[in-house]
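The structure appears below as structure tokens.
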Amino acid sequence: MTSIVLSKRLKKIAEYCPAGSRVADIGSDHALLTSYLLASGLAAFVIAGELNEGPYQAAREQVAKLTAADRASVRKGDGLAVLAPGEVNAVCIAGMGGQLISSILESGKAKLPGVQRLILQPNVGEEAVRRWLLDNRWQLIAEDILEEDGVIYEILVAEPGDPLAPYREKARSLEELLRLGPWLWEEKSPILRQKWEREREKLKAILAQLAKSRRPETKERYEQVVKELDWIEEVIRCLQTGKPSFNT
Ligand code: SAM
């Protein structure tokens, strides 16, 4: 077996691929996830999709080195356009912004029938991805959060189903859970707390800048940021104490 050294983040993503599945690794870059899925025997077949020429060539070279190269196909193209309908049953899209992941899913909708699992790892903008899943009848079945080299990553896993299921009968509103992550909120890990503590620091810096401004139009923005900071403070208190909410 070819040994592939993988980051903690990509390893976690691989763990969410059902054993023996046919996987699409969209935006594969150097095809590391593709290679690991094949070399470890986790996937039966992997399609690595890449939009850009440089990473596409890198992916081809990487896959050619594998003993399992005959179980891979490296394709150049935009998002899910590289797939034929029904070709894969799991799709991974990792290491991009949440808006880009959502737009790849939106424009590739026709390729999704037959796909049983989406494994999505937005670097930022997780809320946009949760919203897309909700609007398109994908049920969030798991979420993960991890820290690697000082960066916090979230992984969202979805299957066709009842998209509202993880949001029902919760102490917090749908809108709040779309931001927090319904499963991450259930788990309340120390890493989630770190994430929101970092958000608080960013907002405090913005507030300090706004406080220096004498322009009248910044007043409204200042008030918005104060409100947002209050919300984050309450979120952090819940994460410190394990309470679902201090408002109910
Ligand atoms: N998925 C890998 C990971 O998580 O480590 C690589 C992430 S890399 C930061 C993002 C890759 O997505 C780049 O190689 C980029 O060229 C590719 N990409 C960006 N937009 C794309 C699209 N619409 N379709 C396919 N690939 C895309």
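Owing to the predicted nature of the structure, the values given are computational and were not obtained by experimental measurement. Atoms within a ligand are numbered from 1 in the order they appear, just like the ligands themselves.
- Here the protein heavy atom with the shortest distance to atom 19 (C) of ligand 1 is L100 CD2, 4.1 Å.
- Short contacts between ligand 1 and D29, defined as distances under 4.0 Å to a heavy atom of the residue, involve ligand atoms 6 (C), 14 (O).
- Under a 4.0 Å criterion applied to the non-hydrogen atoms of N52, ligand 1 contributes the atoms 15 (C), 16 (O).
- Using a 4.0 Å cut-off between heavy atoms, L32 makes no contact with ligand 1 at all.
- Counting heavy atoms closer than 4.0 Å to ligand 1, residue L10 contributes side-chain atoms (C-beta onward) but none from N, CA, C or O.
- In summary, of the residues considered (R179, K12, K195, R9), a salt bridge (Lys or Arg N to Asp or Glu O under 4.0 Å) with E154 occurs for K195 alone.
- For atom 24 (N) of ligand 1, the closest heavy atom belonging to the protein is G79 N, 2.8 Å.
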Could you walk me through whether Q121 and N123 pass the side-chain hydrogen bond (donor to acceptor under 3.5 Å, both in side chains) check? CA-CA 6 Å; Q121 185 268 300; N123 287 341; 2.9 Å; yes
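- Regarding atom 17 (C) of ligand 1, its nearest protein heavy-atom neighbour is E50 OE2, 3.2 Å.
- Ligand 1 places these atoms under 4.0 Å from at least one heavy atom of G77: 24 (N), 25 (C).
- For CD of Q139, the number of neighbouring non-hydrogen atoms (other residues, nucleotides, ligands) closer than 6.0 Å is greater than 12.
- Residues I141 and L118 fall into different hydrophobic clusters, defined by Ile, Leu, Val, Met, Phe, Trp and Tyr side chains chained together at heavy-atom separations under 4.5 Å.
- Closest to atom 23 (N) of ligand 1 among all protein heavy atoms lies D78 OD1, 2.7 Å.
- Although no hydrogens or angles enter the test, the distance criterion places no donor-acceptor pair under 3.5 Å between the side chain of K243 and the main chain of R237.
- Counting non-hydrogen atoms of other residues, nucleotides and ligands closer than 6.0 Å to CD of E220 gives a total of 12 or fewer.
- Below 4.0 Å from some heavy atom of L51 lie the following atoms of ligand 1, by number and element: 20 (N), 21 (C), 22 (C), 23 (N), 24 (N), 25 (C), 26 (N), 27 (C).
- Of the candidates G27, G97, S103, G95, it is G95 that places a heavy atom closest to atom 9 (C) of ligand 1.
- At a heavy-atom distance under 4.0 Å, only side-chain atoms of I104, from C-beta outward, approach ligand 1.
- Taking the charged nitrogens against the carboxylate oxygens, K76 and E53 do have a contact shorter than 4.0 Å, which makes a salt bridge.
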Full working for side chain to side chain contact (heavy atoms under 4.5 Å, CB included) between E199 and V235: CA-CA 11 Å; E199 289 298 317; V235 159; over 6 Å; no
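- Paired with R172 under the rule salt bridge (Lys or Arg N to Asp or Glu O under 4.0 Å), one option of E176, E175, E169 passes, and it is E176.
- Salt bridge annotation for K170-E186: present, with a cationic side-chain nitrogen under 4.0 angstrom from a carboxylate oxygen.
- Considering only non-hydrogen protein atoms, atom 18 (N) of ligand 1 sits nearest to M96 CE, 4.1 Å.
- Among protein heavy atoms, the minimum distance from atom 7 (C) of ligand 1 is reached at A94 O, 3.6 Å.
- Taking each of R9, K76, Q121, R75 in turn, the one with a heavy atom nearest to atom 5 (O) of ligand 1 proves to be R9.
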